[in-house]
Amino acid sequence: MANQTNIRNIAIIAHVDHGKTTLVDSILRQTHVDRNIEEMGECIMDSMDLERERGITIKAKNASVIYKNTKINIVDTPGHADFGGEVERTLRMVDGVLLLVDAKDGPMPQTRFVLRKALELGHKAIVVINKIDMADARIDYAINRTFDLFCELDATEEQLNFPIIYASALKGFATLNLSKPSDNIFPLLDTILETVPQPAVNPDAPLQILVLSLLSDFYKGKMGIGKITAGSIAKGMNVILARRDKSQKLCKVTAILSYEGLKQIERESAESGEIVAVAGFEEIGIGDTITDANNPSPLNPPEIEKPTVRMMFGVNKSPFAGRDGKYVTSRALRERLFKELETNVSLRIEETDSPDTFLVSGRGELHLAILIETMRREGYELQVSQPEAIFVEKDGVIMEPFEFLTIEVPSEYQGVAIEEVGRRKARLKNMFQGSKGGIYFEYEISTRAVIGLKAMFMTKTRGTAIINHAFDEYEPMDESLSFINSHGSLVSSETGISTSYALNNAQERGELFIGPNVGVYEGMIIGQNSRPEDLDMSPCKTKKLTNMRAAGSDDAIILTPPKEMTLELSIEYLGSDELLEVTPKSLRLRKKILDPLTRKRSKRNKES
């Protein structure tokens, strides 16, 4: 084995909103990768509309910089554990990681998840304490908590000896010593060159590239992205594509692209240790190996952890179906879902007894919510059911997914927090004083109990709670947990247009989700009842004209603004007998059985 001395491959991993993409911005700007870099705005690597809107990274992306005659390939990874499939694949391409930790928050649940994956692969980490310029930064706290996390995750002696960089990604500086401030990011780049090992490659061995990401080009077709771990590759070369199903196909390389800054530059050849995109394949998938035609040597595909949550995706069957969407048929829905499997390796899709309904499994509620939102923007109409945890059987024991949950609440709401998670059978792991006088809790909790928790906390703590959770491990099923996300809904008993007069009466019974002049149909949910049972009512009733008064002569009606139900809140709200109707323009909650008499009869039959 040899080392490629002029290349470093590194991934940036962290919790959501700890500054990964902002740090990449600073590196790209200060190394002048593009003459128009200042005109590209902020969060340059966030190319998807959803990423820019939500401020999170969803898809892993590549870039590179040249520093001191060394090419540093940088991969920006998602920070949320629901997109862990992206992280697991990406870490196979690199030789070291930058672990970003917020100086105020310290390590968070997703920090734990991504760091565990990196340590399991034997990567050395450079810890970057970010946002040190903030007034509420707790630098010593963040360092101590990070070291404790390394110990909890069984890091080796070498991995525990990690360098620490103090930085402000937003202001673009990094330093190794707080008493010696810096005005640039170069101390971080110097540490990368010193700490991250050179790619261990075998240039004389047969070609091996494990495909860990895909890229589509209108002219070149589908391309596989991966690191050349052995041999070299050239344009026009014959190669074998070894598929995950053990089949092999002879192909010809038609194009080779590598990253220079933010651009993909076409090349005639590439050597071991480089991250490249290779074209020339009719069909290529993640986990396939591009290898030598005369001496094929397939590599083991990456192991992706199994999904933990599933939902039913079906064709929209509501009375308002087909009004907004471009793709409304079961065939269009099926094609789109199975196309997603090509790049979204954490996803699982199963067909059901019904030809217009599919069982879709993912790594969490956010993972599935992003898929739903993406399809919605593409013009699809669909309806989805309540999320449910996936159970597995191991050695005859039923196992369920458990998550690592952190909650930070103001001290006046600590009683509410303890009561709510206690009702959901969560196990307290740690509790201490948080920032600004708040209380910080760490729990271990079943995924079943997490569903609906965030919406409940936002209501009970008036939006002041900060909640994060990430999948931890499978444990034996907790049979004592009989908790169900139960609530009472205000259900429309007729089809029509909502009126202020009717909603004025309805708002006394609970919290409304709609305002006046909104189209409703029988069985549609218009709000949450203050009591735990459903209540059918008319939101379309108007005040009648009599010989005593005019229809509009009473005092002006003042309605409480309705609760804005985002996609995530709507998914968390769903009960076992409810569905969410998703169209490009609207989100509507509804009952599975629209007719109230049939619904009551069905409920009585279940209870008996």
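Computation of the quantities below employed the complete heavy-atom set of this structure, encompassing side-chain atoms and omitting hydrogens, waters and symmetry-equivalent molecules.
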K.L.:
Of all heavy-atom pairs between Val253 and Ile256, which one has the smallest distance, and what is that distance?
P.N.:
CG1-CG1, 3.8 Å
K.L.:
Would you find a donor on one side and an acceptor on the other, under 3.5 Å apart, between the side chain of Thr291 and the backbone of Ser297?
P.N.:
yes
K.L.:
Are Asp190 and Tyr67 side-chain neighbours, meaning at least one heavy-atom pair lies under 4.5 Å?
P.N.:
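Counting from C-beta outward, Asp190 and Tyr67 do come under 4.5 Å.
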K.L.:
When you look at Met93 and Asn9, which way does the side-chain contact (heavy atoms from CB on, under 4.5 Å) test go after all the steps?
P.N.:
CA-CA 7 Å; Met93 271 197 283; Asn9 298 318; over 6 Å; no
K.L.:
Is there a side-chain contact between Leu347 and His367, using heavy atoms and a 4.5 Å cut-off?
P.N.:
yes
K.L.:
Does Leu91 offer a backbone N or O that forms a donor-acceptor pair with the side chain of His123 under 3.5 Å?
P.N.:
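Between the backbone of Leu91 and the side chain of His123 there is a qualifying donor-acceptor contact (under 3.5 Å).
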K.L.:
Any chance you could measure Leu210, atom CG, to Ile228, atom CD1, to the nearest 0.5 Å?
P.N.:
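With rounding to 0.5 Å, CG (Leu210) is 12.5 Å from CD1 (Ile228).
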K.L.:
What is the distance from atom CG of Leu359 to atom CD1 of Ile349, rounded to the nearest 0.5 Å?
P.N.:
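Answer for the CG-CD1 pair, Leu359 versus Ile349, is 10.0 Å.
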K.L.:
Salt-bridged, Arg116 to Glu473, with N to O below 4.0 Å?
P.N.:
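No salt bridge links Arg116 with Glu473.
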K.L.:
Just so I know, are the side chains of Leu337 and Met375 near enough to count as touching, which here means a heavy-atom distance under 4.5 Å?
P.N.:
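In short, these two side chains touch, coming nearer than 4.5 Å.
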K.L.:
Side-chain contact, heavy-atom cut-off 4.5 Å: Met134 with Lys104?
P.N.:
no
K.L.:
Is there side-chain contact between Val239 and Ile209, with at least one heavy-atom pair below 4.5 Å?
P.N.:
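With C-beta onward as the side chain, the pair stays apart.
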K.L.:
Given Ile129 and Tyr166, is the side-chain contact (heavy atoms from CB on, under 4.5 Å) satisfied, shown in steps?
P.N.:
CA-CA 5 Å; Ile129 305 298; Tyr166 306 95; 4.3 Å; yes
K.L.:
Using every non-hydrogen atom in the two residues, find where Arg244 and Pro301 come nearest and quote the distance to one decimal.
P.N.:
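Shortest heavy-atom separation between Arg244 and Pro301 comes out as CZ-CB, 3.9 Å.
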K.L.:
Would you call Asp288-Lys249 a salt bridge at under 4.0 Å N-O?
P.N.:
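So Asp288 does not pair with Lys249 through a salt bridge.
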K.L.:
Main chain of Ser182, side chain of Thr175: is a donor-acceptor contact present, judged purely on distance under 3.5 Å?
P.N.:
no
K.L.:
So do the side chains of Ile467 and Leu405 get within less than 4.5 Å of each other, counting heavy atoms only?
P.N.:
yes
K.L.:
Do the charged groups of Arg145 and Glu442 touch, with an N to O distance under 4.0 Å?
P.N.:
yes
K.L.:
Applying the side chain to side chain contact (heavy atoms under 4.5 Å, CB included) test to Val196, which of Ile72, Val94, Ile10 qualifies?
P.N.:
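Running side chain to side chain contact (heavy atoms under 4.5 Å, CB included) over Ile72, Val94, Ile10 with Val196 returns exactly one hit, Ile10.
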K.L.:
Quick one: do Leu250 and Ile240 satisfy side-chain contact (heavy atoms from CB on, under 4.5 Å)? Show the steps, please.
P.N.:
CA-CA 5 Å; Leu250 182 65; Ile240 289 285; 4.1 Å; yes
K.L.:
If you look at every heavy atom in Ile132 and Ala137, which pair is closest and at what distance?
P.N.:
O-CB, 4.0 Å
K.L.:
How many angstroms lie between atom CD of Gln264 and atom CE of Met223, to the nearest 0.5 angstrom?
P.N.:
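Interatomic distance, Gln264 CD to Met223 CE, rounded to 0.5 Å: 6.0 Å.
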K.L.:
Between Thr447 and Pro401 (side chain of the first, backbone of the second, donor and acceptor by atom type, cut-off under 3.5 Å), is there such a pair?
P.N.:
yes
K.L.:
Identify the heavy atoms of Ser232 and Leu207 that sit nearest to each other, and give their distance.
P.N.:
O-CD1, 3.6 Å
K.L.:
With side-chain contact (heavy atoms from CB on, under 4.5 Å) as the criterion, how do Val65 and Leu28 come out once you've worked through the C-alpha distance, each side chain's angles and the decisive distance to 0.1 Å?
P.N.:
CA-CA 7 Å; Val65 298; Leu28 295 175; 3.8 Å; yes
K.L.:
Any ion pair linking Lys454 and Glu568 (charged N to carboxylate O, less than 4.0 Å)?
P.N.:
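No, no charged N to carboxylate O under 4.0 Å.
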K.L.:
Take atom CG of Asn177 as the centre, draw a 6.0 Å sphere, and report whether it contains more than 12 heavy atoms from other residues, nucleotides or ligands.
P.N.:
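Above 12, so yes.
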K.L.:
Please check this pair: side chain of Thr289 against backbone of Leu299, looking for a donor-acceptor N/O pair closer than 3.5 Å.
P.N.:
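The answer is yes, because a donor-acceptor pair under 3.5 Å joins these two groups.
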K.L.:
Compare all side-chain heavy atoms of Pro163 with those of Glu194 and state whether any distance is below 4.5 angstrom.
P.N.:
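Result no, sub-4.5 Å side-chain heavy-atom pair not found.
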K.L.:
Rounded to the nearest 0.5 Å, what's the gap from CD1 on Ile7 to CG on Asp95? Could you check?
P.N.:
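Taking CD1 in Ile7 and CG in Asp95, the distance rounds to 9.5 Å.
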K.L.:
Salt bridge or not between Lys235 and Glu266? Use side-chain N to carboxylate O under 4.0 Å.
P.N.:
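Here Lys235 pairs with Glu266 in a salt bridge, since their nearest N and O are under 4.0 Å apart.
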K.L.:
Would you say Asn69 has more than 12 foreign heavy atoms packed within less than 6.0 Å of its CG?
P.N.:
no
K.L.:
Strictly under 6.0 Å, is that where the ring centroids of Tyr380 and Tyr327 end up?
P.N.:
yes
K.L.:
Closest approach of Gly362 and Pro307, non-hydrogen atoms and distance?
P.N.:
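Heavy atoms only, the tightest pair is O-CB, 3.2 Å.
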K.L.:
When rounded to the nearest 0.5 angstrom, what distance separates OG in Ser272 from CD in Gln208?
P.N.:
9.5 Å
K.L.:
Nearest 0.5 Å please: distance from the CD1 atom of Ile407 over to the OH atom of Tyr443.
P.N.:
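The distance works out to 6.0 Å.
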K.L.:
Measure across Val211 and Gly285 and return the closest heavy-atom pair with its distance rounded to 0.1 Å.
P.N.:
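Minimum heavy-atom separation between Val211 and Gly285: CG1-O, 3.6 Å.
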K.L.:
Heavy atoms, side chains only, cut-off 4.5 Å: are Leu214 and Lys222 in contact?
P.N.:
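The answer is yes, as the side chains (C-beta and beyond) meet within the 4.5 Å cut-off.
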K.L.:
Glu365 side chain to Ile571 main-chain N or O, any donor-acceptor pair under 3.5 Å?
P.N.:
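Between the backbone of Ile571 and the side chain of Glu365 there is no qualifying donor-acceptor contact (under 3.5 Å).
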